[in-house]
Amino acid sequence: MTDLVLALDFGGTKIAAALVDPTGDVVRSSRVPTPSADPWDAVESLLSSVVQGATVAGVGIASAGPVDTVAGTVSPINVPSWQAFPLRSAVSSLFPGVPVELAGDGVCMALGEHRRGAGRGSKFMVGLVVSTGVGGGLVLNGHPFGGRTGNAGHIGHVVVDPDGPPCTCGGRGCVETIAGGPRMVAWARRAGWQAPDDADAAVLAAAALAGEEIPLEAFDRAGQAVGLAIAGAAAVCDLDLAVIGGGVAQAGELLFEPVRRTLKTHAGLSYLEGLEVRAAELGGEAGLVGAAALVR
Ligand SMILES: [Zn+2]
């Protein structure tokens, strides 16, 4: 009997897989870019290259959403060829006789950080990935919480500006429209920032660190938007911790200072006095560690 678990992290830009041991250590991993056509063949060959014939005790899947954990299907926004794709049963057919668990990638990031990263010791936390988009997931009473269909904790679509710009979700003024990396860069350009053509959130962060006013304001707006969403989620779910990762969060205090300042103003209820904000520790590995933990 083996105690290795296979973890799959399916995203819109990359697919990663790993063999994970019972302590949560990654034994072996690999990743490939997500093909624009049907990505199933890429998933299948990646999984077999990571497993290398080993016997696994189960498979944990983190997928970009929306997911449907009841039906076992995924409909990632950036993968148009997969609409309600039966990912759980497709993976099951490769590994008959072992449990195969599916969750959203935000839930898996939060669970990974809870088990092995910045969330250790917390009982009620939200994990956020502030990157091209803004995703997230909840760990409540120590357990991953996906809600009715597996999509709970999707904090990027909390509305923080009702008159704000249109969002990919069909709404307006979601956190993602202010704190998503490309949205921050676009806002700074409109505000008059003279940026190189290929400027991204990292270039924006460098300009802010150099003291440029508009990039600094872009991070301030993003941090306030993230802070407002955390304050709302914390009040609703009685949280003790928010862990923030993703490319935009690499800017460190440029983002975290306005987040904490906003929480001071907007997370005023007595039960939120101890609410902490920490930087994620596991980077891109959090999703794989969390996916493996779904099986344990
Ligand atoms: Zn939205």
Side-chain angles (χ1 to χ4, degrees), residues 10-13 34 62-69 73-80 82-85 103-110 125-138 144-191 200-201 204 217-237 239 242-249 251 255 258-259 262-263 266-267 277 280 286-287:
F10 183 85
T13 56
T34 307
S63 177
V67 299
D68 183 334
T69 53
T73 59
V74 304
S75 310
I77 284 175
N78 295 322
V79 185
W82 276 13
Q83 285 302 312
F85 179 79
D105 53 6
V107 171
C108 290
M109 175 272 184
M125 65 166 271
V126 62
L128 294 87
V129 179
V130 185
S131 181
T132 304
V134 179
L138 294 163
F145 182 78
R148 184 172 53 87
T149 60
N151 297 288
H154 206 342
I155 197 165
H157 297 281
V158 171
V159 176
V160 291
D161 178 3
D163 300 319
C167 183
T168 51
C169 70
R172 301 187 76 86
C174 302
V175 174
E176 183 169 303
T177 67
I178 297 169
R183 299 295 200 124
M184 292 172 66
V185 171
W187 178 87
R189 284 187 197 282
R190 284 198 304 278
D200 59 9
L204 188 72
E217 195 177 341
F219 274 96
D220 199 72
R221 295 174 78 249
Q224 287 185 55
V226 169
L228 286 173
I230 291 173
V236 170
C237 298
L239 304 178
V243 171
I244 310 177
V248 172
L255 184 75
V259 168
T262 302
L263 287 173
H266 292 281
V277 177

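Order of appearance sets the numbers: ligands from 1, and atoms from 1 within every ligand. Start at 1 with the first residue, then count along the sequence. If you're wondering where the values come from, they're calculated on a predicted model, not measured in any experiment.
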Practice problem: Scan residues 148-180 for pairs that pass ring pair (Phe, Tyr, Trp, His ring centres under 6.0 Å), counting only residues two or more places apart or in two chains. | Solution: His154-His157
Quiz item: Does any N or O in the side chain of Thr262 come within less than 3.5 Å of the main-chain N or O of Leu228, such that one atom is a donor and the other an acceptor?
Solution: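 Side chain of Thr262 to backbone of Leu228: no pair is present.
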Quiz item: Just by modelled atom types, is the Gly164 backbone N or O under 3.5 Å from a matching donor or acceptor in the Arg172 side chain?
Solution: yes
Quiz prompt | For the Zn ion (ligand 1): protein N/O/S atoms at distances below 2.8 Å | solution = 4
Quiz prompt | Listed partners of Trp82 passing side chain to side chain donor-acceptor pair (under 3.5 Å), at least two apart | solution =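 Listed in chain order: Asp38.
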Quiz item: How many angstroms lie between atom CD of Glu176 and atom SG of Cys167, to the nearest 0.5 angstrom?
Solution: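 That separation rounds to 5.0 Å.
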Review item, side-chain donor-acceptor pairs of residues 219-227, under 3.5 Å, at least two apart:
from: Asp220; atom 1: OD1; to: Arg261; atom 2: NH2; distance (Å): 2.4
from: Asp220; atom 1: OD2; to: Gln224; atom 2: NE2; distance (Å): 2.7

